2 protein chains.
Amino acid sequence: MLQPDHELDGFSRRRQIIDEATTLFLQRGYAGTSMSQLAKACGMQKASLYHHFPTKEALFVACATDGFDEAIAELAAIRADPTLDDDERFRRAIHAVYRINIDSACGRMAPLIAEVSRTIPAVARAFHDEFIMHQHVLMNGIIDDGIARGSFQAPERLGFEHMIFGPVVSLSLEREMFTTFDKFDTLRPIERIRTEHAELLLRLLHGADGGARGTAGRGRAGRAR
Amino acid sequence: MLQPDHELDGFSRRRQIIDEATTLFLQRGYAGTSMSQLAKACGMQKASLYHHFPTKEALFVACATDGFDEAIAELAAIRADPTLDDDERFRRAIHAVYRINIDSACGRMAPLIAEVSRTIPAVARAFHDEFIMHQHVLMNGIIDDGIARGSFQAPERLGFEHMIFGPVVSLSLEREMFTTFDKFDTLRPIERIRTEHAELLLRLLHGADGGARGTAGRGRAGRAR
DNA sequence: GTCTATACAAGGATAGAC
DNA sequence: GTCTATCCTTGTATAGAC
């Protein structure tokens with residue numbers, strides 16, 4: 001999945017093309033983006049693009065599968081950070097999930113994957129296996145660790161996972177849908193939504209009965225119910 | 001928004017075109033669907049389509065804004081149904097929201113709206129004002145009624161709304177993304193997700209402290225767990 | 001590795017007969 | 001209201017010089 005290529009002067013044409021293409025794809029969709037537009041955006045001739053990528057489809061696959069690891073890195077680091085207590089780790093993990101899916105290019109690719117899912121099924125497969133799946137695994141790990149240490153109560157996992165990722169994914173989609181609206185941040189104040197979202201999830205993790213510990217560290221015995 | 005037209009024999013060509021076009025748009029995206037393909041699907045000539053719709057864009061707008069009211073009708077009915085207690089009403093409302101956004105054609109339009117949001121901003125506006133907004137209003141009404149009757153505790157509303165609709169919208173998107181996978185229902189068992197989702201939301205509505213009433217009618221004091 | 005030039009298909013849309 | 005025929009643009013992709 002890597003192409004060391006000719007990253008000589010810190011400037012790779014391939015990189016530039018991928019970046020410009022990603023921008024265009026995100027703005028106008030796959031079928032709505034033409035190689036001519038892309039060539040213009042890159043300041044080069046259409047034919048030159050085909051020196052770097054054999055087909056438009058191959059170019060799209062490169063864009064869509066680019067940067068999975070970097071995007072998820074932060075979440076992995078949070079899971080591994082031993083200095084955090086479980087509640088705080090969970091809060092930061094939620095924060096990271098928002099950044100991954102709303103700010104990063106590959107997080108914003110979801111509607112595009114849907115668009116091409118029938119014509120390029122492989123890209124949907126990769127998106128699931130190497131992006132979505134990894135986030136779920138990391139998040140479940142964080143929850144499981146908290147349960148093992150007595151900080152969290154086990155929730156119905158399937159529904160809970162969807163209550164973690166669903167609001168983030170839909171917010172990302174809505175931001176694409178409503179980009180032309182005056183102030184999207186008034187319609188959907190992401191910061192506030194994220195905070196409330198995290199606190200509501202924590203309430204569920206602490207159990208319905210006792211409310212459990214507010215900021216339980218690891219292993220502290222605070223039990224509930 | 002209605003066109004009585006010539007619904008003579010219960011078969012309208014306009015209706016047929018909208019239905020076929022909607023299917024194609026959902027499968028291949030807006031830019032990825034051609035008028036030629038559509039003409040073939042309708043069993044007519046390309047030029048004939050232009051007798052019914054002046055442009056491809058107008059046709060898409062017709063598809064995307066078709067059936068809002070019908071899709072939402074069930075949710076409105078549930079809100080107004082006086083025979084339900086608040087918990088059961090909420091459960092059925094969640095059920096309806098799943099059907100609206102996952103099964104109905106206009107619910108599945110979301111990624112398409114995102115695709116055309118820059119080129120046809122009006123359709124994004126309509127989708128928000130006449131579809132999304134209405135669902136939020138109805139759902140909030142159901143919650144407010146429950147609060148007024150003492151069945152529910154008021155949650156942080158903004159975060160809670162996203163925890164209602166987010167998982168549904170993302171599930172709808174994922175179903176489009178992963179249509180080519182062997183068994184989507186194994187990957188994302190919608191029935192089970194929906195049930196767990198509803199129960200977790202109810203747990204939040206019942207409050208972290210007392211758990212509040214399990215199946216409280218209006219005012220009934222029933223406890224649970 | 002980038003360019004000019006071009007092949008060839010498909011796109012949206014229109015004209016005008018029936 | 002549907003057809004055949006056609007216009008013109010744009011699309012992806014390639015050939016071959018530099």
Side-chain angles (χ1 to χ4, degrees), chain A residues 3-64 112 115-116 118-120 122-123, chain B residues 3-64 112 115-116 118-120 122-123:
Chain A
Q3 253 99 347
D5 259 2
H6 34 62
E7 198 88 22
L8 309 173
D9 51 342
F11 170 85
S12 157
R13 208 86 211 227
R14 184 189 163 86
R15 250 267 62 84
Q16 183 204 8
I17 294 171
I18 289 183
D19 290 343
E20 295 285 0
T22 300
T23 302
L24 284 175
F25 282 141
L26 286 173
Q27 280 176 0
R28 322 166 76 106
Y30 173 73
T33 300
S34 75
M35 299 299 270
S36 325
Q37 292 166 353
L38 175 58
K40 190 179 295 180
C42 292
M44 65 198 307
Q45 287 302 314
K46 202 168 40 161
S48 305
L49 293 174
Y50 287 90
H51 174 78
H52 299 274
F53 298 93
T55 62
K56 182 186 179 184
E57 199 171 297
L59 169 59
F60 178 78
V61 172
C63 293
L112 277 154
E115 185 195 342
V116 303
R118 267 106 177 165
T119 47
I120 323 178
V123 85
Chain B
Q3 253 99 347
D5 258 3
H6 34 60
E7 198 88 24
L8 309 173
D9 49 342
F11 169 85
S12 157
R13 207 85 210 228
R14 184 189 164 87
R15 251 267 64 82
Q16 183 203 9
I17 294 172
I18 288 182
D19 289 343
E20 295 285 359
T22 300
T23 302
L24 284 175
F25 283 141
L26 286 173
Q27 281 176 0
R28 323 165 78 105
Y30 174 73
T33 300
S34 75
M35 297 299 271
S36 324
Q37 291 166 354
L38 175 58
K40 190 180 294 182
C42 292
M44 64 197 310
Q45 286 302 314
K46 196 166 47 158
S48 304
L49 294 173
Y50 286 90
H51 175 78
H52 299 273
F53 298 93
T55 62
K56 183 186 180 185
E57 200 170 297
L59 169 59
F60 179 77
V61 172
C63 293
L112 277 154
E115 185 195 341
V116 304
R118 269 106 177 164
T119 47
I120 324 177
V123 85

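Worth saying up front: this structure is predicted, and the values here are computed from it rather than measured. First the proteins, then the strands, lettered A, B, ... as listed; each starts at 1. When reading the values below, keep in mind they use all heavy atoms of this one structure, side chains included, and skip hydrogens, waters and symmetry mates.
Heavy-atom neighbours of Arg118(A) CZ from other residues, nucleotides or ligands within 6.0 Å: above the threshold of 12.
Distance from the side chain of Ala47(A) is smallest to dT14(D) among dA13(C), dC3(D), dT14(D). Side-chain atoms of His51(A) lie closest to dG1(C) of the nucleotides dG1(C), dG11(C), dT4(D). Of all nucleotides listed (dT2(D), dA15(D), dT12(D)), dT12(D) comes nearest to the side chain of Lys56(A). When each of dT2(C), dT12(D), dT14(C) is scored by its nearest atom to the side-chain atoms of Met35(A), the top-ranked nucleotide is dT12(D).
His52(A) has its NE2 atom 12 Å from the C1' atom of dC3(C), to the nearest Å. With rounding to whole Å, Glu57(B) atom CD is found 12 Å from dG12(C) atom C1'. The OH atom of Tyr50(A) sits 10 Å away from the C1' atom of dT14(D) (whole-angstrom rounding). In this structure, Phe53(B) places its CZ atom 14 Å from C1' of dG1(D), rounding to the nearest Å. Atoms CG (Leu49(B)) and C1' (dG11(C)) sit 14 Å apart, rounded to a whole Å. Atoms CD (Gln45(B)) and P (dT14(C)) sit 17 Å apart, rounded to a whole Å. As a whole-Å value, the separation of Arg13(A) CZ from dG1(C) P is 11 Å. Following rounding to the nearest Å, Lys46(A) (NZ) and dA5(C) (P) show an atom-to-atom distance of 14 Å.
Judged by distance alone, the side chain of Gln37(A) and the main-chain N or O of Ser34(A) form a donor-acceptor pair under 3.5 Å. No donor-acceptor pair under 3.5 Å is formed between the side chain of Ser48(B) and the backbone N or O of Met44(B).
Between Ser48(A) and the phosphate of dG1(C), there is no side-chain N or O to OP1/OP2 separation shorter than 4.0 Å. Proximity of Ser34(A) to the phosphate of dT10(D): no side-chain N or O atom is located under 4.0 Å from OP1 or OP2. Listed pair Thr55(B) / dG12(C) fails the phosphate criterion, with no side-chain N or O lying under 4.0 Å from OP1 or OP2.
Nearest heavy atoms, Leu112(A) versus Tyr30(A): CD2-N, 3.5 Å. Closest approach of Gln16(A) to Cys42(A), counting heavy atoms only: NE2-O, 3.3 Å.
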